[in-house]
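Have a look at the structure below before the remarks.
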Amino acid sequence: MSAIPDVRAGALILHGFTSTPESMRSVADAVTAAGYEVELPLLPGHGTQWEDLAATPAEAVWEAVAQAYDRLGARCEVVVPVGLSMGGALALWIAAKRNSAGVVVINPGLRLKLGTGRLARVLARIRPTIASIAGDIAKPDVTEEAYPVTPLRAVGELDRVFAQARAALPTLANAGTPVLMLRSPIDNVVGSTSANLLKRMVPQTHEAILRRSRHVAPLDHDSELVGRRTTQFIASAVTAE
């Protein structure tokens, strides 16, 4: 266990689309063990039933993330947002909004295929759900706690979340905000398009490859590595302050 740092620091840890905070529990545990504060919110529409997510606008998610950040900011001098997938997009967005000392993203999502959001909104009127996107994990016998289906109305809102995150990238680039991206080469959920976009638009992004894991890396073979790299990054952010 690391010594508790002199500068009070913490991580806002954000889970992915249709999932729950349990997918990020190992990261939160590693951050806590290193002596840092943690906020690990359950995002609106998640952790109950898929109909709730279908009825949740992007605005509710943004507000919840901002509130969680500010709760942590009231206790800490340094706050580092950390997010998986959709949580990565939200982490980038709030880092730009609050001028964070840095941000960690794990297989972040930043773009759906062109037209997917609009198509999802139309199809939702006749077909409320599609197959689940959860559980892209290489490690055997590991299950992600998530909805068994994906509500199409929520996909439309996810498209809006991604658009806001993309719009925040120039702010991060101009501020020189350090970004650590932990990426799995085999990712059956977001692929490489979002990662390439982040590296292109935020040149100070440092990429580390999770060679043994797929999309839900915090539950996969590289879980310990994800936690270790995250805590090291927070330590560097504290030192930079």
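What's counted below: heavy atoms across the whole structure, side chains too, no hydrogens, waters or symmetry copies.
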Please step through side chain to side chain contact (heavy atoms under 4.5 Å, CB included) for the pair Val179 and Leu198, ending with a clear verdict. CA-CA 9 Å; Val179 178; Leu198 177 58; 4.2 Å; yes
Looking only at heavy atoms, the pair that brings Ala60 and Thr56 closest together is CB-CG2, 4.0 Å
Note: Ile234 and Ala9 closest approach over all heavy atoms is CG2-CB, 4.3 Å
Q | Electrostatic pair Glu39:Arg75 at N-O distance under 4.0 angstrom | A | yes
| said: Students often mix this up, so state it plainly: with edges at 30° and 60°, are the rings of His46 and His15 parallel, tilted or perpendicular? | reply: perpendicular
Scanning both residues in full, the closest heavy-atom pair of Pro21 with Leu40 reads CB-CG, 3.6 Å
Original post:
Got a sec: does the NZ of Lys199 have more than 12 other heavy atoms crowding it under 6.0 Å?
Top reply: yes
Checklist entry - Does the pair Val161 and Phe17 meet the rule for a side chain to side chain contact (heavy atoms under 4.5 Å, CB included), with working shown? => result CA-CA 11 Å; Val161 168; Phe17 184 61; over 6 Å; no
Value for CG (Leu152) from CD (Glu157), rounded to nearest 0.5 Å, stands at 12.5 Å
To the nearest 0.5 Å, atom OG of Ser85 lies from atom CE of Met24 at 10.0 Å
Q.
side chain to side chain donor-acceptor pair (under 3.5 Å), that's the test. Do Tyr147 and Thr129 meet it? Break it down for me.
A. CA-CA 11 Å; Tyr147 289 140; Thr129 67; over 6 Å; no
Check: Between Thr205 (side chain) and Val202 (backbone), is there a donor-acceptor pair under 3.5 Å?
Finding: yes
Between the OG1 atom in Thr150 and the CG atom in Leu158, the distance rounded to the nearest 0.5 Å is 10.0 Å
Hey, does the side chain of Ser223 reach the backbone of Leu219 with a donor-acceptor pair shorter than 3.5 angstrom?
no
To the nearest 0.5 Å, atom CD1 of Ile106 lies from atom CE of Met181 at 12.0 Å
_Whether the side chain of Asn188 engages the backbone of Asp136 through a donor-acceptor N/O pair (distance < 3.5 Å, no angle test) should be reported._
no
Scanning both residues in full, the closest heavy-atom pair of Leu110 with Ser194 reads N-OG, 2.8 Å
Between the CG atom in Asp159 and the CZ atom in Arg118, the distance rounded to the nearest 0.5 Å is 9.5 Å
**Message:** Does Arg228, at its CZ atom, have more than 12 non-hydrogen atoms belonging to other residues, nucleotides or ligands within less than 6.0 Å?
**Reply:** yes
Rounded to the nearest 0.5 Å, the CD1 atom of Ile94 sits from the CG atom of Asn99 at a distance of 11.5 Å
ask   = Between Asp220 (side chain) and Arg214 (backbone), is there a donor-acceptor pair under 3.5 Å?
value = yes
Within 6.0 angstrom of Ile186 CD1, more than 12 heavy atoms from elsewhere: no
When every non-hydrogen atom of His215 is compared with those of Val190, the smallest separation belongs to CE1-CG1, 3.7 Å
Hey, is Asp70 close enough to Arg98 for a salt bridge, meaning N to O under 4.0 Å?
-> yes
Minimum side-chain heavy-atom gap Leu90-Leu43 below 4.5 Å
yes
Nearest heavy-atom contact between Phe233 and Pro178 is CZ-O, 3.4 Å
Strictly distance-based, threshold 3.5 Å: is any side-chain N or O of Ser26 a donor or acceptor partner for the main-chain N or O of Pro218? yes
Distance-only donor-acceptor check, side chains Glu144 and Ser19, under 3.5 Å: yes
